[in-house]
Amino acid sequence: MEPGDGVVLISDILGGEHVEKDVTVRGWIYRIRSSGSIVFAVVRDGTGNIQATIKKNVVGDEEFEKASQTLVESSVKITGTVAEDERAPGGYELKASNFSLIHMAEPFPITKDQSEEFLLDKRHLWVRSQKLTSVMRVKATLLSAAREWFEKEGWVEVTPPILSASAGEGGSTVFGLKYFGKTAFLAQTAQLHLEALIFSLDKVYSLTPSFRAEKSRTPRHLTEFWHLEGEAAWVDNEGNMDVHEQLISHMCQVVAEKNKAQLRELGRDPTILEAITPPFDRITYSDAVDMLHDKGMDFTWGDDFGTVEERLLTEDLVSPMFVKNYPKSAKAAFYMKENPDDTTTVLCSDLLAPEGYGEIIGASEREVENHTLIDRLLEQGADPDNYEWYLDLRKYGSVPHSGFGIGIERVVRWICRLDHIRDAVPFPRTPSRFYP
RNA sequence: GCCGUCGUAGCUCAGCUGGUGGAGCGGCUGACUGUUAAUCAGCAGGUCGCAGGUUCGAAUCCUGUCGACGGCGCCA
């Protein structure tokens, strides 16, 4: 049944192909209305929507009757002649010679009035919506563009574990689960394992789900998100940022080229993404604090930036911006390398998306001295014995190295101008939802 | 963890100072040969989130509880 049968894509028809030709489209009824002896059926096939007109005196009484009773979201196959017609939405329509109903849908629960709660309950059906379809296509492009860039630059994709014995980064909360009489944890980062792999593969990256058991109720947190992480030997904090700006720029270029229609549909002007190229601005944490003060904000050096601060710093930007070298008091992670020029700060960087969308990358150069790592762990009340294998990495040919984590859904949220991160993933997991 | 808002028909909501539960959309029946979320006429559809309390009487007032949504913190 697959190819042949004269089945064409609706996007091609809307692009002006097939005019005056007999073709077949198959898909789902998006809207349908009847008027005596003519039925107007708008069909969706995942590439676009087109109106088909089914007339009684053309298809016959029986097929016409069937068409006029068809409900929204029924699956259909319609054969007919493509015609340009100003009266049709989109400018083209299909004058049907044959209407065949594949499956008659029950009344579709999602109608014109929808609340956020209801759409989340019916997420398995709402994923058919134009908005989510566009977002998923954009996301697919962003992921393939990222892989393309890594491949080109000689990075090796690796597959770190999701189940782990240690809780990972200190601080954030992890999901625990039963593991043959012991407790295992769902990974909240692959970083530590990636660090182990640079000693043979030099530059590695991974794309995995990460889990955070934080009861975060914000438009930029999920409990399960897709984490694109990289770790590279011989790279310092500045070189790390070189990587990020090149990678993010490449992703923007490719999506602006391949997904113009979806981006416009989502309200994102592709030319804005085309303009995103290296280098990105790099300011220090202290510079950022000065900027906040200049904007009239009351802020104490040493505190971490929250939503309000990040928004104020980036709302007028078009390109992403790095903020580097945070104070230790703001970035607690034990593995971040101390800044030799100012020991109150660490060699790290956050990449903030423009327009107030907030942090999309967290990164740092890693501490290479075991005694420093152990001191930092003890300061945070962690037991160095739990990090024995990780500390081992510094015993056998330790090298300067850096790494980063990109929240894919955060990038998608920014690129697609989404109000909430949950729409950057088809089936969002949040503190209050893991169904459907 | 903190602050706030909301639970009434399949959906979106109205329902005032307590007195026999409403509309629009969707569905069904019928009319209509150019509709654009078609239009017109009619029909069906409810344990008012749950549990207590006040009262002759509670969707409405009180208490508790559950759930969802919005914002903050934490982070990617």
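Numbered from 1 within each chain, the chains take letters A, B, ... in sequence-line order.
Counting any heavy atom pair closer than 4.0 Å across all strands shown, A:N57 reaches a base atom. At the heavy-atom level, A:I361 lies under 4.0 Å from the strands shown only through sugar-phosphate atoms. Counting any heavy atom pair closer than 4.0 Å across all strands shown, A:S210 reaches no nucleic acid atom. Counting non-hydrogen atoms under 4.0 angstrom, A:K95 reaches a base of the nucleic acid.
Contact annotation: side chain of A:K122 to base of B:G10, donor-acceptor pair absent below 3.5 Å. Contact of A:Q51 with B:U35 (side chain to base): a donor-acceptor pair of N or O atoms is detected under 3.5 Å. Under 3.5 Å, the side chain of A:R217 and the base of B:G73 form no donor-acceptor pair of N or O atoms.
Using a 4.0 Å cut-off between charged nitrogen and carboxylate oxygen, A:E238 and A:K324 count as a salt-bridge pair. For the pair A:E93 and A:K95, the salt-bridge criterion is met [side-chain N within less than 4.0 Å of a carboxylate O]. Using a cutoff of 4.0 Å between basic side-chain nitrogens and carboxylate oxygens, A:D423 and A:R123 are scored as salt-bridged. Taking 4.0 Å as the cut-off between side-chain N and carboxylate O, A:E65 and A:K56 do not count as a salt-bridged pair. With respect to A:R433 and A:D121, a salt bridge is recorded, a charged nitrogen being found less than 4.0 Å from a carboxylate O. Ion pair A:R220/A:E409 not flagged as a salt bridge, since none of the NZ, NE, NH1 or NH2 atoms sits closer than 4.0 Å to an Asp/Glu carboxylate oxygen. Salt-bridge formation is not detected for the pair A:E157/A:K203: no Lys NZ or Arg NE/NH1/NH2 atom is positioned less than 4.0 Å from an Asp or Glu carboxylate oxygen.
In this entry B:G70 has B:C3 as its Watson-Crick or G-U wobble partner, both defining distances falling under 3.5 Å. Across all strands shown, the partner of B:A51 is B:U63, judged by Watson-Crick or G-U wobble contacts whose two distances both fall under 3.5 Å.
The phosphate of B:G73 has neither OP1 nor OP2 within less than 4.0 Å of any side-chain N or O from A:S216. Distances shown here put a side-chain N or O of A:R311 below 4.0 Å from the OP1 or OP2 atom of B:C72.
Residues from residues 425-436 of chain A with heavy atoms under 4.0 angstrom of RNA chain B, sorted by number: A:S432, A:R433.
Not a single donor-acceptor pair under 3.5 Å links the side chain of A:K131 to the backbone N or O of A:L266.
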Contacts under 3.5 Å, N or O only, protein and nucleotides 26-32 of chain B:
residue, atom, partner, partner atom, Å
B:C32, N3, A:G36, N, 3.1

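By the 5.5 angstrom centroid cut-off and the 30-degree plane limit, A:F40 is classified as not stacked against the base of B:G34.
Of the candidate nucleotides B:A76, B:C72, B:U33, B:U33 has the atom lying nearest to any side-chain atom of A:K55. Taking the side chain of A:D85 as heavy atoms from C-beta on, and the options B:G34, B:A76, B:C74, the nearest nucleotide is B:G34.
Less than 6.0 angstrom separates the ring centroid of A:W389 from the ring centroid of A:H193.
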